Protein chains: 2
Amino acid sequence: MEEFQALTMKDIAAQLGVSVATVSRALKDSHNISKERREMIQKYAREHNYYPNVIAEQLRHSRKKPSQIIGVIIPEFVHYYFSSILKGVEEEASRRGYRIMVAQSGETYEREVEICQSFMQNKVCGIIVSQAKDTNQYGHFEKLVENGIPLVFYDRICPALNASRVVVDDYQGAFNAVSHLVETGCRRIAFFGAPMSLEISQNRYNGYKDALYKHGLTPEEELTVICDNYEDARKRAPELLRADNRPDAFFTVNDDTAIGVLYSAKELGLRVPDDVAVCGFGNDTHAVSCDPMLTTVEQRGVDVGREAATVLIDTVEGVLPIDHAAKRVVKTRLIVRGTTREA
Amino acid sequence: MEEFQALTMKDIAAQLGVSVATVSRALKDSHNISKERREMIQKYAREHNYYPNVIAEQLRHSRKKPSQIIGVIIPEFVHYYFSSILKGVEEEASRRGYRIMVAQSGETYEREVEICQSFMQNKVCGIIVSQAKDTNQYGHFEKLVENGIPLVFYDRICPALNASRVVVDDYQGAFNAVSHLVETGCRRIAFFGAPMSLEISQNRYNGYKDALYKHGLTPEEELTVICDNYEDARKRAPELLRADNRPDAFFTVNDDTAIGVLYSAKELGLRVPDDVAVCGFGNDTHAVSCDPMLTTVEQRGVDVGREAATVLIDTVEGVLPIDHAAKRVVKTRLIVRGTTREA
DNA sequence: AACCTTAATGCAATCGGTTGCTCACAGGTC
DNA sequence: GACCTGTGAGCAACCGATTGCATTAAGGTT
């Protein structure tokens, strides 16, 4: 390997017989430098395609201004919602001249701590994170804040910390979805949710209940089930559907679960949506590949990501004060397809 | 904002009344430093949680050794295959102490060039890339190579460049899939593929043809169609299926297309797989959410990503010579589900 | 001709960490 | 007591770019 070395200001200075300082100023178009020299240096740089060493710039500025690299922690890349968020973050970051460094926590606390540490060492200007499921200590996050690294939570926020957060409108999304079910004739609506320890579960459950109340219905305990994935849905849904007073609709915490319910119903010979309606949450790509296509709440991951990046960059650049914990809510939208009835 | 400044070696040196050089050596456990001092310095560093400034380290070493940051260019994050690849890259990179910087080209040449430039400025140690669909000039890639930055292509490789590449075994995957169709009784098998300009299309088409020949069948021109997405499949499949001598099976370039075929067939009242069998390529999450679930070729994105990271890091670390263009092939696997017949 | 501006440039320190070289001193040898 | 050896530590240069300050020379003023 022929040791290649990038062109530096020193090289240009030596070639043109000027000082490094002059080169630096000329490239910054400083008026201290005479027009001829400026142009000559710029021309040389252009022709030999000089580009500045970001690392050196960053070191030089390390005491006064942050880097332009955002750290992003994602529980799991292969997941429609999370990859949408990443897309949104990347687009907004790129647009504003930032780069992103990403890592997967794989839902474990240890990895999350390591990643925070590593991001800090790599001098990211801030971190966008959805915490791992099993995280219940927050020292690693607090350390970041102490070190002046702004944090923005998305999806799974850290309630113990007064940090910025971007979430979707879970309450309203659930409320609208359940209202739609009631308004299209459903009366016994089951709720398949995630554990109530998560804030999003609480919010969606409240939206569900309030929608029922508003339409003069009452939530029934046996219709509220902790069930948040496909496999569990294939077990729990049939139990409910075989009962004499089976539910006539299901509202589920995500699309996978909804699809589990859908296929369970079909297997039992029930017609969807006439006998049983189903509504999911997320609007994953799955939602259009099942038969019939799924009615669901669009979660707008891209917007969540974009908003998270906006909040973070605004904080880094001082547009938002660092101690101001911004709370942004991204609106959801009900997408009606084939698993719910006509109005 | 109270200006926070991370603890540096200089601070430690000042506190303990030794020189910075001594601190540096003590933290590296150099035997030039007496045991007592070494331990005292290490203890202080630990207790005040000192961590080294990667930026400074990198600058210092810039002439002799590369950074530990890998640049990854992905056409589009929200895509099952690509996010799987990203997962694989991240896992392997993390395991070997590297971080990744990612960017989306959004399938445009201009973005791709900008990203390469930006990654170069950010001193990534190498780049893993699947080129954008409309890229047909390679100056930006060549410049990277000239600058000593190793390149590894995945999925859409750049045939004009003699760079390392990791691909899946498209030929064998197609061959196995089509063989399965024939062996379960299909005789007129349609091929829905991407434009033949892409290497993967060629390879899969060859696998398709050879599987037919091997079983004494001949490919028919009217059964070979350029069709590589859901919408097009909803248009082209019905045309074929309404004909008198309709195909009794479809092999498609990806799962979306397969699902388009599947639902077209169901809409026409045909039974899948008895009247028409369908086999996709990819094993996306969609493949298990359609009804019936899709028989498809597993593309193992995670393995592709992991392999790409391995090749890149081995090149960076000198395990592989920089001018050795590694060509790795990741095996595919046929996953038989409900859209093909029993043997 | 002495003095003052002003423009154009360079010097040198800095960011944080690394490392070759030098230096001081302790201990051992003859 | 003179000389050698080895250990432990510090000095200073370096990585590439930036920037406050000093320096130089040219031109203008009286």
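Excluded from the calculations below are hydrogen atoms, water molecules and symmetry mates; all remaining heavy atoms, backbone and side chain alike, are included. Here is how names work: the chains are called A, B, and so on, in the same order as the sequence lines, proteins then strands, and each is numbered from 1. Quantities reported herein were computed from a predicted structural model and do not represent experimental measurements.
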Got a donor-acceptor contact below 3.5 angstrom from the [X] side chain to the [Y] backbone?
X	Y	result
B:Arg156	B:Gln131	yes
A:Asn53	A:Ile55	yes
B:Asp314	B:Val319	no

For [X] and [N], give me the distance from atom [atom1] to atom [atom2], rounded to whole Å.
X	N	atom1	atom2	result
B:Asn53	D:dG16	CG	C1'	15 Å
B:Lys65	C:dT18	NZ	P	9 Å
B:Leu27	C:dG17	CG	P	9 Å
B:Lys10	C:dG17	NZ	P	10 Å
A:Asp29	D:dT18	CG	P	13 Å
B:Ile12	C:dG17	CD1	C1'	12 Å
B:His61	C:dT19	NE2	C1'	10 Å
A:Arg25	C:dA8	CZ	C1'	10 Å

[X] side-chain N/O to [N] phosphate OP1/OP2 under 4.0 Å:
X	N	answer
A:Ser19	C:dG10	yes
A:Lys64	D:dT19	yes
B:Arg63	D:dG16	yes
A:Lys28	D:dT18	yes
B:Lys123	D:dG16	no
B:Ser24	C:dG17	no
B:Tyr50	C:dG17	yes

Practice item. Would you tell me whether A:Asp11 and A:Tyr44 have side-chain atoms, one donor and one acceptor, within less than 3.5 Å of each other? Key: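 No, because no side-chain N or O of A:Asp11 sits under 3.5 Å from a partner of the opposite role on A:Tyr44.
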
Point to revise | Candidates C:dG16, C:dT18, D:dG10 - which lies nearest the side chain of B:Thr22 | key: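 Ranking C:dG16, C:dT18, D:dG10 by closest atom to the B:Thr22 side chain puts D:dG10 first.
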
Check your understanding: Counting side-chain heavy atoms from C-beta on, which of D:dG16, C:dG10, C:dG17 comes nearest to B:Ser62?
Key ->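 Of D:dG16, C:dG10, C:dG17, D:dG16 is nearest to the side chain of B:Ser62.
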
Practice item. First locate atom CD of A:Glu76, then atom CZ of A:Phe82, and finally report the distance between them rounded to the nearest 0.5 Å. Key: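 Going from CD on A:Glu76 over to CZ on A:Phe82, the span is 8.5 Å.
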
Check your understanding: Distance from B:His79 atom NE2 to B:Ser84 atom OG, nearest 0.5 Å?
Key ->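 B:His79 atom NE2 to B:Ser84 atom OG measures 10.0 Å (nearest 0.5 Å).
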
Review point. Mapping B:Ala56 and B:Gly17 to their closest nucleotides on DNA chain D, which lands nearer the 5' end?
Key: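 Upstream on the strand: B:Gly17.
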
Review point. Which sits closer to the 5' end of DNA chain D, B:Ala21 or A:Val54, going by the nucleotide each is nearest to?
Key: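 With B:Ala21 and A:Val54 compared, the 5'-side residue is B:Ala21.
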
Point to revise | Note: A:Arg95-A:Glu91 ion pair, threshold 4.0 Å (strictly below) | key: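 Salt bridge between A:Arg95 and A:Glu91, a charged N being under 4.0 Å from a carboxylate O: no.
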
Practice item. Output yes when A:Lys87 and A:Asp303 qualify as a salt bridge under the 4.0 Å nitrogen-oxygen rule, no when they do not. Key: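 No, no charged N to carboxylate O under 4.0 Å.
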
Review point. How large an angle, rounded to 10°, do the end axes of the helix from C:dA1-D:dT30 to C:dC30-D:dG1 enclose when each is built from five base pairs?
Key: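 End-to-end axis angle: 80°.
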
**Study point:** Nearest-nucleotide 5' precedence on DNA chain C, A:Leu59 against A:Val18
**Key:**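 Its nearest nucleotide lies further toward 5', so the answer is A:Val18.
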
Practice item. Specify the closest pair of heavy atoms between B:Leu144 and B:Cys116, including all atoms of both residues, with the distance to one decimal. Key: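 Taking B:Leu144 first and B:Cys116 second, the nearest heavy atoms are CD1-SG, 3.7 Å.
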
**Study point:** Of A:Val311, A:Thr310, A:Leu312, the residue whose pairing with A:Leu320 passes side-chain contact (heavy atoms from CB on, under 4.5 Å)
**Key:**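 Answer to the side-chain contact (heavy atoms from CB on, under 4.5 Å) test with A:Leu320 among A:Val311, A:Thr310, A:Leu312: A:Val311.
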
Check your understanding: Which part of the nucleic acid does A:Val20 contact within heavy-atom distance under 4.0 Å: base, sugar-phosphate only, or nothing?
Key ->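 A:Val20: base contact, heavy atoms under 4.0 Å.
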
Check your understanding: Which residues, if any, of residues 32-43 of chain B bring a heavy atom under 4.0 Å of DNA chain D?
Key ->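 Correct list: B:Asn32, B:Ile33, B:Ser34, B:Arg37.
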
Practice item. Answer with yes or no whether B:Arg60 presents, from its side chain, a donor or acceptor under 3.5 Å of a partner atom in the base of D:dG16. Key: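 For B:Arg60, whose side chain was compared with the base of D:dG16, there is no donor-acceptor pair (under 3.5 Å).
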
Exercise for review: Would you please indicate yes or no on a ring centroid separation below 6.0 angstrom for B:Phe141 and B:Phe153?
Suggested key: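 Between B:Phe153 and B:Phe141, the centre distance is under 6.0 Å.
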
